[in-house]
Amino acid sequence: SQQGEEDPQALSIQEGENATMNCSYKTSINNLQWYRQNSGRGLVHLILIRSNEREKHSGRLRVTLDTSKKSSSLLITASRAADTASYFCATSSSDSWGKLQFGAGTQVVVTP
Amino acid sequence: DSGVTQTPKHLITATGQRVTLRCSPRSGDLSVYWYQQSLDQGLQFLIQYYNGEERAKGNILERFSAQQFPDLHSELNLSSLELGDSALYFCASSPGTETQYFGPGTRLLVL
């Protein structure tokens, strides 16, 4: 079973626009991570936010975490064609020894 | 490049057969994780090893087994393969219990 659910399932935007995707999860977490996957290839770690953090930035990425609502959002600003990929949130809970539970992912297509 | 290597990249085999997938973690990482990605199940955690010892088990079938060797590389053994075992199998490694670095995956096709 999957811990997280991403919304939307798919997103199509033009270069320069912002892309926002959301992730909801069910149980208490230690941290939440976002990964990117380009068409069936390996997952690339984007950013990690701990349960005691509310917002984090990395380059064009901004992640928020609301533990009271059990939700997180990933914002990609000024998107580029190279951002076309699937984005997954993954949660790690305190009793999990670091194992990650992934959501179903959001497929993002950025057109030039 | 994450520093995690997996071999082979692709595997095509028949039902009932047995295969071994290999993973070399990033230098210094003691934890190795195995995940399965399929169209119907998404990304599922299979098993975790830390410094040679099994630490956590997820949705791993009894037909599947894994181990981590003294040099920290890991192998995932899949036996009595079924059509439904066709998937991408990822290995990841981490220095602790936070950020995991994923390998490129092994694409398994069972015919």
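To find a chain, count down the sequence lines: A is the first, B the second, and so on, and within it residues start at 1. Just so we're clear, the structure is a prediction, and the values are computed from it rather than from any experiment.
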How far does [atom1] of [X] sit from [atom2] of [Y], to the nearest 0.5 angstrom?
{"X": "R55(B)", "Y": "K99(A)", "atom1": "CZ", "atom2": "NZ", "result": "14.0 Å"}
{"X": "R41(A)", "Y": "L88(B)", "atom1": "CZ", "atom2": "CG", "result": "12.0 Å"}
{"X": "L100(A)", "Y": "Q44(B)", "atom1": "CG", "atom2": "CD", "result": "12.5 Å"}
{"X": "H45(A)", "Y": "Y101(B)", "atom1": "NE2", "atom2": "OH", "result": "7.0 Å"}

Quick check: are there more than 12 heavy atoms from other residues, nucleotides or ligands sitting under 6.0 Å from [atom1] of [X]?
{"X": "R63(B)", "atom1": "CZ", "result": "yes"}
{"X": "Q107(A)", "atom1": "CD", "result": "no"}
{"X": "Q9(A)", "atom1": "CD", "result": "no"}
{"X": "L61(B)", "atom1": "CG", "result": "yes"}
{"X": "L39(B)", "atom1": "CG", "result": "no"}

Original post:
T99(B) and Y35(A): which non-hydrogen atoms are nearest, and at how many Å?
Top reply: C-OH, 4.4 Å
Is chain A contacted by the side chain of [X], its backbone, both, or neither, given a heavy-atom distance below 4.5 Å?
{"X": "Q37(B)", "result": "side chain"}
{"X": "S2(B)", "result": "neither"}
{"X": "K9(B)", "result": "neither"}

**OP:** May I ask whether L48(A) and Y25(A) are part of the same hydrophobic cluster, defined by side-chain heavy atoms of I, L, V, M, F, W, Y residues being less than 4.5 angstrom apart, directly or through others?
**Re:** no
Subject >> Within one Ile-Leu-Val-Met-Phe-Trp-Tyr cluster: V109(A) and I76(A), side-chain cutoff 4.5 Å >> reply: no
Subject >> L43(A) portion near chain B, given a 4.5 angstrom heavy-atom threshold >> reply: both
Original post:
Have Q100(B) and Q33(A) got a donor and an acceptor in their side chains that come within less than 3.5 Å?
Top reply: no
